Amino acid sequence: MSDLQSVRGTRDFYPDEMRLRGWLFSHFRAAAQLHGFEEYDAPMLEHETLYTRKAGEEITNQLYTFEDKSGRRVALRPEMTPSLARMVLSRAGALPLPIKWFSIPQCWRYERMQRGRGREHYQWNVDIWGSEGVEADVELLAVLCTFFGRVGLTPTEVGLRFSSRKVLQEVLDSVGISGEQFAAVCIVIDKLGKLPLAEATAQFEELGLGTEAVVTIQHALGLHDLDALAEALGDDSVAVAELRALRTLAEGYGISEWLEFDGSIVRGLAYYTGPVFEAHARSGQLRAICGGGRYDRLLSSFGGKDLPATGFGFGDMVILELLKDCGQIPELDGSVQDVVFALKPELRPAAMEVASRQRAQGQSVDLVLEEKRLKWVLKHANRCGAERLLLLAPEEWERGFVKVRDLATGVESEIAPDAL
Ligand code: HAM
């Protein structure tokens, strides 16, 4: 029987789960579209080399890869950003800037299973290319807050923590660590909470960071206040200026309540270069709801000319756990409006005529195809969430009418087919 189970870490979506997924995606789409983003898509299968990066990121160790029948090394995408970069690069110069695009791809990672993490997930991606100011980063935060508001979450339940990779860059510059090591150091820092201390220290040492440097880094990472950060990095710090600008712009959007500066946010992907952010449940119970940041130098790593870019990825799993915890999962009915039923087999063609007429009018109609008792049909109509039951009864049909039962009120009436 084991072959009949879905592969560990993957999900089947039965219709009730699919309804919930459709609801979630409709809010992903609406929040992006309200901010002027356009939808795109790309194949789930990519060349493995698209994900070859050397900074020691978890994501590159979790790839699902295989060789296709012609010997090509391919991978199931673990994230959308490299595909997006590939699309932008292959139309370099031809796309009007800025690009504001979103997508809801399914992504695959061979992860350790835990609440809110699977081996496949759908990840809402929202990205802006060709806009270098912090205005673009804040616009993304505004998209997130629009989404949270739409699904009934408030700053009491969700916080957006932000920092900038430039904070760490400046700290590393001050202790003499070269640019080359930068991404690798960020990856170790992102893992700090998950790695045993001795192992983290060993990894830092391998990257050339002595005890003193680690203490300096940890001080900056422990800060939760931009003034304290300014004290640590100096008045002329570019990172501080950028983060202060971000705060001011966020006030314009009216989203300050959601935001929280947190020096420990670096994110675990090598390509981020500037502001980085993630959303968290304030309860502290769940892993990051989403994460993103600025990645201005990704295209040159593919051999192209760089273009400023910023974006985020937002999985479908943690958010549903959070909505469950907050009692915010909506009750969703099916989309059937009318159920049509012939009380006698000889009225089947008439029932089909009525159903077809209604469907041509754009009504969603479920026609009962089997011989059933009226009691069953009523129960079925309720299960479908239908608004009306259209009954083909011999006497009424003879007189040119359909018997209509309003399922909310139970009131019955007789209506001619063309007036339904
Ligand atoms: P990421 O931080 O690796 O970023 O993932 C972003 C989000 O995807 C996570 O915060 C989480 O919601 C969801 N996610 C990731 N892995 C899993 C998993 N195994 N199961 C369930 N959910 C998961 C990226 O992927 C970047 N490409 C995002 C980005 C877009 N940055 C710029 N643009």
Side-chain angles (χ1 to χ4, degrees), residues 7-11 21 24 28 32 37 40 42 46 50-51 53 55 57-64 75-88 99-129 131 136-137 139-141 143-144 147-148 158-162 165 186-187 190-191 194 265-281 286-299 301 307-323:
V7 172
R8 186 167 154 75
T10 68
R11 296 165 294 169
R21 181 172 123 188
L24 182 68
F28 283 160
F37 286 76
Y40 71 99
E46 291 277 11
L50 196 64
Y51 308 108
R53 303 193 293 244
E57 297 154 283
E58 256 185 340
I59 198 170
T60 53
N61 299 322
Q62 296 170 331
L63 273 188
Y64 278 92
L76 296 183
R77 65 177 165 222
E79 56 161 340
M80 194 61 159
T81 312
S83 303
L84 174 59
R86 183 177 61 64
M87 287 170 70
V88 172
I99 291 164
K100 288 174 68 182
W101 289 357
F102 78 96
S103 188
I104 313 176
Q106 190 182 28
C107 299
W108 295 81
R109 300 181 189 186
Y110 193 81
E111 280 252 16
R112 200 168 57 80
M113 302 284 297
Q114 52 184 305
R115 187 171 179 219
R117 284 285 183 279
R119 293 188 176 157
E120 53 76 23
H121 68 283
Y122 286 88
Q123 195 192 81
W124 178 37
N125 275 247
V126 183
D127 292 87
I128 303 178
W129 287 71
S131 195
D137 306 274
E139 174 84 350
L140 295 172
L141 299 176
V143 173
L144 284 170
F147 168 81
F148 287 129
V158 174
L160 278 170
R161 298 184 191 152
F162 68 95
R165 285 255 169 121
C186 290
I187 305 307
D190 183 64
K191 286 192 260 185
K194 299 171 228 161
I265 303 299
V266 290
R267 302 303 298 157
L269 295 166
Y271 47 64
Y272 292 128
T273 54
V276 278
F277 51 88
E278 59 189 47
H280 270 273
L286 296 158
R287 287 193 50 174
I289 301 169
C290 65
R294 179 163 283 280
Y295 51 103
D296 287 345
R297 290 193 289 277
L298 184 57
L299 289 193
S301 71
L307 201 59
T310 178
F312 66 79
F314 189 125
D316 64 334
M317 295 177 75
V318 174
I319 185 67
L320 289 179
E321 293 296 326
L322 174 62
L323 290 169

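Hydrogens, waters and symmetry mates are skipped; everything else that's a heavy atom, side chains included, is used. Computed from a predicted model, the values in this text were never measured in an experiment. Just follow the structure's listing: the first ligand is 1, and inside any ligand the first atom is 1.
- Shortest non-hydrogen contact noted between Tyr51 and Pro82 is CE2-CG, 3.7 Å.
- Ranking the protein heavy atoms by distance from atom 4 (O) of ligand 1 puts Leu269 CD1, 3.4 Å first.
- Side-chain contact between Val158 and Leu322: present, with at least one pair of heavy atoms (C-beta onward) separated by less than 4.5 Å.
- Taking a cutoff of 4.0 Å between a charged side-chain nitrogen and a carboxylate oxygen, Arg294 and Asp137 qualify as a salt bridge.
- Counting heavy atoms closer than 4.0 Å to ligand 1, residue Phe312 contributes backbone atoms (N, CA, C, O) but none from C-beta onward.
- Using a 4.5 Å heavy-atom cutoff, the side chains of Ile99 and Asp127 are not in contact.
- Numbered from 1 in the order shown, with element, the atoms of ligand 1 that lie under 4.0 Å from a heavy atom of Gly116 read 20 (N), 21 (C), 22 (N).
- One finds a salt bridge joining Glu79 and Arg53 here, because a Lys/Arg side-chain nitrogen approaches an Asp/Glu carboxylate oxygen to under 4.0 Å.
- At a 3.5 angstrom cut-off on N or O pairs, Gly315 counts as close to ligand 1.
- For Arg267, every heavy-atom contact with ligand 1 shorter than 4.0 Å involves the side chain, none the backbone.
- Note: no N/O pair closer than 3.5 Å links Gly293 and ligand 1 by distance alone.
- Considering only non-hydrogen protein atoms, atom 20 (N) of ligand 1 sits nearest to Gly118 N, 3.1 Å.
- Ring pair Phe314/Phe102: centre-to-centre distance not below 6.0 Å.
- Remark: minimum distance from atom 31 (N) of ligand 1 to any protein heavy atom is reached at Tyr272 OH, 2.7 Å.
- Nearest protein heavy-atom contact of atom 28 (C) of ligand 1 is Gly313 N, 3.4 Å.
- Of the candidates Asp127, Thr310, Ile289, it is Asp127 that places a heavy atom closest to atom 33 (N) of ligand 1.
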Point to revise | Residue pair Phe147, Leu24: steps toward the side-chain contact (heavy atoms from CB on, under 4.5 Å) verdict | key: CA-CA 10 Å; Phe147 168 81; Leu24 182 68; 3.8 Å; yes
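- Applying the 4.0 Å criterion to heavy atoms of Asn125 picks out, from ligand 1, the atoms 30 (C).
- Among Gln123, Arg109, Arg77, Arg117, the residue whose heavy atom lies nearest to atom 11 (C) of ligand 1 is Arg117.
- Below 3.5 Å of separation, one finds an N or O of Glu111 facing an N or O of ligand 1.
- Of all the listed residues (Glu79, Arg287, Gln114, His121), His121 holds the heavy atom that lies closest to atom 17 (C) of ligand 1.
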Practice item. Could you go through the side-chain contact (heavy atoms from CB on, under 4.5 Å) check for Trp124 and Ile319 one step at a time? Key: CA-CA 11 Å; Trp124 178 37; Ile319 185 67; over 6 Å; no
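- The closest side-chain heavy-atom distance from Met80 to Tyr40 is below 4.5 Å.
- At most 12 non-hydrogen atoms from other residues, nucleotides or ligands lie less than 6.0 angstrom from CZ of Arg297.
- Taking a cut-off of under 4.0 Å to the non-hydrogen atoms of Tyr271, the atoms of ligand 1 that pass are 26 (C), 27 (N).
- Every atom of ligand 1 is numbered from 1 in the order shown, and the set under 4.0 Å from a heavy atom of Gly291 is 10 (O), 28 (C).
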